[in-house]
Amino acid sequence: MDVVITEWGLQSYVDLVGRQNAFGKKYYQSTIRPDVELLQIYPKATKFQNGTFWSPVSIVSNGFKMKWHNVGPGNIQLRLPVFMHNGEAFLCEAYVKKGMKQEMRRLRKFQVRAKLIRQKRYQRRGVLP
């Protein structure tokens, strides 16, 4: 399965690493990137059976979120919404979970992003090799 990097996904990575200093490049390379690369063999990797790492988003058909806990110096809860569409996994806007109200706002935004992807109204920044 191709893993598509959207503009939203790329910008959120730049923001989380650059401005927010949420996690370092070393953590990204050792943990986040290998986990995201597992999408290429979805659903075969056993990690997708782990509810603390991977769960469906009820308000988005074919929407899921990857979850990392106690990340970086601030022990943040990192979330990465992934939309599965036409045999591709689209990386949407990653964020730091700060509470349930904020989480619901982010998932509503994800719902809009999924609709835009279905309509082919998104910017594709690359595909994971």
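Model, not experiment: these values are computed from the prediction. Numbering starts at 1 and runs along the sequence shown.
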### Evaluation steps, salt bridge (Lys or Arg N to Asp or Glu O under 4.0 Å), between Arg108 and Glu103
CA-CA 9 Å; Arg108 291 285 181 205; Glu103 173 91 348; over 6 Å; no
## Note on the structure
Rounding to 0.5 Å, atoms CD1 (Ile32) and CG (Leu80) come to a distance of 8.5 Å
### Query
When the aromatic ring centroids of Phe83 and Phe64 are compared, is their separation below 6.0 Å?
no
### Query
Nearest heavy-atom pair of Cys92 and Ser12: which atoms, and what distance?
O-OG, 4.1 Å
### Query
Are the side chain of Thr6 and the backbone N or O of Leu91 linked by a donor-acceptor pair below 3.5 Å?
yes
### Query
Which atoms form the tightest heavy-atom contact between Leu128 and Gln40, and what is the distance?
O-NE2, 3.5 Å
### Query
Have Ser55 and Lys67 got a donor and an acceptor in their side chains that come within less than 3.5 Å?
yes
### Query
Does Val4 share a hydrophobic cluster with Val112, counting links as ILVMFWY side-chain heavy atoms below 4.5 Å and allowing steps through other members?
yes
### Message
If you apply the rule side chain to side chain donor-acceptor pair (under 3.5 Å), what do you find for Arg105 with Gln102, and how did you get there?
### Response
CA-CA 5 Å; Arg105 283 192 304 272; Gln102 178 257 9; over 6 Å; no
### Task
List the steps, then state whether side-chain contact (heavy atoms from CB on, under 4.5 Å) holds for Met100 with Lys97.
CA-CA 8 Å; Met100 283 311 295; Lys97 181 181 176 183; 3.9 Å; yes
### Query
Rounded to the nearest 0.5 Å, how far does CD of Glu93 lie from CD of Gln11?
9.5 Å
### Task
In sequence, state the C-alpha distance, the side-chain angles, and the governing distance for Arg113 and Gln111, and then conclude on side chain to side chain donor-acceptor pair (under 3.5 Å).
CA-CA 5 Å; Arg113 305 269 197 246; Gln111 188 176 37; over 6 Å; no
### Task
To the nearest 0.5 Å, tell me how far Leu116 CG sits from Trp8 CH2.
5.0 Å
### Query
Side chains of Asn70 and Gln77: closer than 4.5 Å at any heavy-atom pair?
yes
### Message
Nearest 0.5 Å, please: how far is CH2 in Trp54 from OG1 in Thr46?
### Response
13.5 Å
### Query
Does one hydrophobic cluster hold both Ile5 and Trp68, with members joined at side-chain heavy-atom distances below 4.5 Å?
yes
### Message
Has Asn50 got a side-chain atom pairing as donor or acceptor with Thr52's backbone, closer than 3.5 angstrom?
### Response
yes
### Task
Name all residues meeting the side-chain contact (heavy atoms from CB on, under 4.5 Å) criterion together with Met1; count only those two or more places apart in sequence or in a different chain, and write none if there are none.
Tyr42, Met84, Ala89
### Task
Please round to the nearest 0.5 Å and tell me the distance separating atom CG of Leu16 and atom OH of Tyr95.
11.5 Å
Result block: side-chain N/O donor-acceptor pairs under 3.5 angstrom for residues 20-28, not counting sequence neighbours:
| from | atom 1 | to | atom 2 | distance (Å) |
| --- | --- | --- | --- | --- |
| Gln20 | NE2 | Asp15 | OD2 | 2.7 |
| Tyr28 | OH | Arg33 | NH1 | 3.4 |

### Query
When you look at Arg106 and Lys98, which way does the side-chain contact (heavy atoms from CB on, under 4.5 Å) test go after all the steps?
CA-CA 11 Å; Arg106 292 295 190 144; Lys98 296 180 181 173; over 6 Å; no
### Close side-chain approach of Leu39 to Asp2, heavy-atom, < 4.5 Å
no
### Message
Within a 6.0 Å radius of atom NZ on Lys47, are there more than 12 heavy atoms belonging to other residues, nucleotides or ligands?
### Response
yes
### Task
Indicate, with yes or no, if Phe48 and Leu78 share a hydrophobic cluster defined by side-chain heavy-atom contacts under 4.5 Å among Ile, Leu, Val, Met, Phe, Trp and Tyr.
yes
### Task
Look at the side-chain heavy atoms of Ile, Leu, Val, Met, Phe, Trp and Tyr, link any pair under 4.5 Å apart, and say whether Ile76 and Leu107 land in one connected group.
no
### Task
Apply side-chain contact (heavy atoms from CB on, under 4.5 Å) to the pair Val3 and Val36, showing each step before the final yes or no.
CA-CA 8 Å; Val3 180; Val36 171; 4.2 Å; yes
### Summary
Between Ile117 and His85 the two heavy atoms that sit nearest each other are CG2-CD2, 4.3 Å
### Parallel, tilted or perpendicular: ring planes of Phe90 versus Tyr122, cut at 30 and 60 degrees
perpendicular
### Summary
All heavy atoms of Val82 vs all of Phe110, minimum pair found to be O-CZ, 3.5 Å
